[in-house]
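Notes for the one structure printed next.
Each chain gets a letter, A, B and so on, in the order its sequence line appears, and its residues count up from 1.
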Amino acid sequence: MNKDFSKDLLDWYDRHQRTLPWRAKSGVTADPYHVWLSEIMLQQTTVATVKAYFEKFLRLWPSVENLAAAPLDSVLKEWAGLGYYARARNLHKCAGVIVNDHNGTFPETEAALRSLPGIGDYTAAAIIAIAFNRHAAVVDGNIERIIARCYRISTPLPTAKKPIREVVEGLTPNTRPGDFAQAMMDLGASHCSPKKPSCMLCPLPRHCEAHKTGDMENYPVKAPKKEKPTRRAISFWLVHDGHLLLERRPPKGLLGGMPGLFSTPWVERPDFPVKTEWLEHTPTDDYWKPVSGMAKHTFTHFHLLTQLVTAKARARHNVENGFWHPIEDLANIGLPTAYKKIADLML
DNA sequence: AAATCGGGGGT
DNA sequence: ACCCCAGATTT
């Protein structure tokens with residue numbers, strides 16, 4: 001029965017697999033560096049978004065040695081817009097460990113991979129299966145959904161993660177574990193979609209209990225999510241001689257290590273700070289005036305509403321964690337999207 | 001176990 | 001507006 005599941009899936013995969021920049025052609029051994037880089041980028045990120053970033057990174061840093069030798073700031077700059085910037089910091093750190101402690105080659109056990117920065121349960125299993133073609137239980141969001149449907153698992157996620165993993169462990173074949181994982185993900189990205197799955201095109205209908213009972217859309221069951229509060233802030237657009245004052249954010253936490261505009265603290269409150277409040281947070285003592293409009297951005301766990309005020313500086317003052325940057329080069333600095341939206345109020 | 005951590009694309 | 005996405009790490 002398990003063999004039928006993987007056989008039906010792999011037969012479908014051999015006919016319908018997608019061509020992706022990081023996917024080795026059939027018969028060709030995958031490059032662990034390519035697999036690792038793509039898996040980090042694909043964490044909580046869609047294939048369509050990752051493609052251009054993956055190709056740019058390989059062009060700039062064709063090997064793990066090149067990536068390890070690059071300054072962290074240039075890695076963050078090229079990562080800008082992809083989100084979850086801890087991934088970029090861990091990517092760079094991991095490259096250093098691979099080069100310095102592992103002679104530039106990737107470990108070939110899940111436990112050793114799992115101990116590297118930025119590599120968790122999913123990514124370790126994916127590298128073992130896809131890059132080394134060895135048996136590993138690969139479980140991502142797609143696979144959770146497929147398994148939850150096939151077995152009508154009523155336990156909500158994330159509690160259901162462990163039982164799902166055990167099912168995948170048993171279904172994964174020893175012959176083509178990497179293709180099995182990628183086939184599952186292709187299936188989840190196509191027919192077995194979260195809403196309105198196309199069961200008539202699915203290769204596994206006879207293995208799927210939810211299809212038989214017709215309640216596919218009820219799976220996977222998920223724990224309720226809490227609502228996002230709204231934070232508000234005033235950002236500062238300070239200019240001197242064609243240069244704009246930016247800050248380098250602290251190396252950890254939200255947008256860690258990324259450039260941004262100075263602003264009042266992002267505080268959960270019903271109204272914007274009034275002038276007497278935000279004046280206390282300006283980076284310099286100048287004549288400020290408001291800019292019309294408001295920037296809206298949604299992070300993982302809160303909404304941010306920002307208004308902008310502007311001033312002409314008397315000089316390029318030294319400001320702690322601040323640096324002056326040519327305004328015409330703003331598009332090339334690697335500004336996170338949240339700040340791009342704020343800057344757009346000015347441009 | 002719960003919270004933190006981005007941003008885009010589909011519906 | 002809400003959901004989801006080839007999740008990991010910290011609290």
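Here C/dC4 presents its P atom at 19 Å from CG of A/Leu42, a figure rounded to the nearest Å. Atom CG of A/Leu157 and atom C1' of B/dA2 are 15 Å apart (whole Å). C/dT9 atom P lies 12 Å from atom CG of A/Leu113, rounded to whole Å. A/Met184 places its CE atom 13 Å from the P atom of C/dA6, with the value rounded to the nearest Å. One atom, CD of A/Glu227, and another, P of C/dC2, lie 9 Å apart when rounded to the nearest Å. Atom pair A/Tyr13:OH and C/dA6:P shows a separation of 14 Å (rounding to whole Å applied). If you take NZ of A/Lys51 and C1' of C/dA6, they are 14 Å apart, rounded to a whole angstrom. Atom CG in A/Asp179 sits roughly 18 Å away from atom P in C/dA6 (whole-Å rounding).
A/Leu20 comes within 4.0 angstrom of a base, heavy atoms only. Nucleic acid contact for A/Arg165: none, since no nucleic acid atom lies under 4.0 Å from a heavy atom of the residue. Contact annotation for A/Val47: base contact, defined as any heavy-atom pair under 4.0 Å involving a base atom. In this structure, A/Ser193 reaches neither bases nor backbone, as no heavy-atom distance under 4.0 Å exists between it and the strands shown. Base engagement by A/Trp22 is indicated by at least one non-hydrogen atom pair under 4.0 Å involving a base atom. Residue-level contact check: A/Pro158 touches neither bases nor backbone, having no heavy atom under 4.0 Å from any strand.
On the C1' atoms, B/dA3 is 23 Å away from C/dA6, given to the nearest whole Å. Taking atom P on both nucleotides, B/dG6 is separated from C/dT11 by 15 Å, rounded to a whole Å.
For residues 172-186 of chain A, the set of pairs meeting the side chain to side chain donor-acceptor pair (under 3.5 Å) definition, not counting sequence neighbours, comprises A/Asp14-A/Arg176, A/Arg18-A/Asp186, A/Arg23-A/Gln182, A/Arg23-A/Asp186, A/Arg176-A/Asp179.
Judged by distance alone, the side chains of A/Tyr122 and A/Glu39 do bring a donor and an acceptor atom under 3.5 Å apart. Side-chain polar atoms of A/His297 and A/Lys341 form a donor-acceptor pair below 3.5 angstrom. With 3.5 Å as the limit, one finds a donor-acceptor pair spanning the side chains of A/Asn142 and A/Arg145. Side chains of A/Thr284 and A/Asp286: a donor-acceptor N/O pair is present below 3.5 angstrom, by distance only.
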Look for any protein N or O under 3.5 Å of an N or O in nucleotides 9-11 of chain B and output each such pair with its distance, or none.
none

Distances under 3.5 Å between nitrogen or oxygen atoms of protein and nucleotides 3-6 of chain B:
unit_1, atom_1, unit_2, atom_2, d
B/dC5, OP2, A/His301, NE2, 3.1
B/dG6, OP1, A/Tyr84, N, 3.4
B/dG6, OP1, A/Tyr85, N, 3.0
B/dG6, OP2, A/Leu255, N, 2.5
B/dG6, O4', A/Tyr84, N, 2.9
B/dG6, N7, A/Tyr84, OH, 3.4
B/dG6, N7, A/Thr300, OG1, 3.0
B/dG6, O6, A/Tyr84, OH, 3.0
B/dG6, N1, A/Gln44, O, 3.0
B/dG6, N2, A/Gln44, O, 3.2
B/dG6, N2, A/Thr45, OG1, 2.9
B/dG6, N2, A/Leu82, O, 3.4

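With sequence neighbours left out, A/Glu78 forms a side-chain contact (heavy atoms from CB on, under 4.5 Å) with A/Lys56, A/Phe57, A/Leu60, A/Trp61.
Taking the six-membered ring for Trp and the full ring otherwise, the centers of A/Trp288 and A/Phe236 sit less than 6.0 Å from each other.
A/Thr155 contributes no side-chain N or O that, together with a main-chain N or O of A/Ile153, makes up a donor-acceptor pair within less than 3.5 Å. Judged purely by atom type and a 3.5 angstrom limit, A/Thr264 uses its side chain to pair as donor or acceptor with the backbone of A/Ile234. With hydrogens and angles disregarded, no donor-acceptor distance shorter than 3.5 Å links the side chain of A/Arg269 to the backbone of A/Arg231.
A heavy-atom distance below 4.5 Å is not found between the side chains of A/Lys275 and A/Val309. Residues A/Thr213 and A/Arg152 form a side-chain contact, since some pair of their non-hydrogen atoms from C-beta on lies under 4.5 Å apart. You'll find the side chain of A/Leu246 reaches within 4.5 Å of the side chain of A/Leu330, heavy atoms only.
A cation-pi arrangement, defined by a distance under 6.0 Å to the six-membered ring centre and an angle within 45 degrees of its axis, is absent between A/Arg149 and A/Tyr219.
The phosphate of B/dG7 has neither OP1 nor OP2 within less than 4.0 Å of any side-chain N or O from A/Lys340.
Annotation: proximity of residues 141-152 of chain A to DNA chain B (heavy atom, distance under 4.0 Å) is found for no residue.
Nearest-nucleotide positions on DNA chain C place A/Lys225 closer to the 5' end than the other of A/Lys225 and A/Leu116. Closest-nucleotide positions on DNA chain C for A/Lys222 and A/Gly120 were compared, and the one nearer the 5' end corresponds to A/Lys222.
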Steps toward side chain to side chain donor-acceptor pair (under 3.5 Å) verdict (A/Thr123, A/Arg114): CA-CA 8 Å; A/Thr123 305; A/Arg114 179 70 180 76; over 6 Å; no
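Remark: DNA chain B takes part in the stems B:1-5 with C:7-11, B:7-11 with C:1-5, each of 3 or more antiparallel Watson-Crick or G-U pairs, criterion distances under 3.5 Å.
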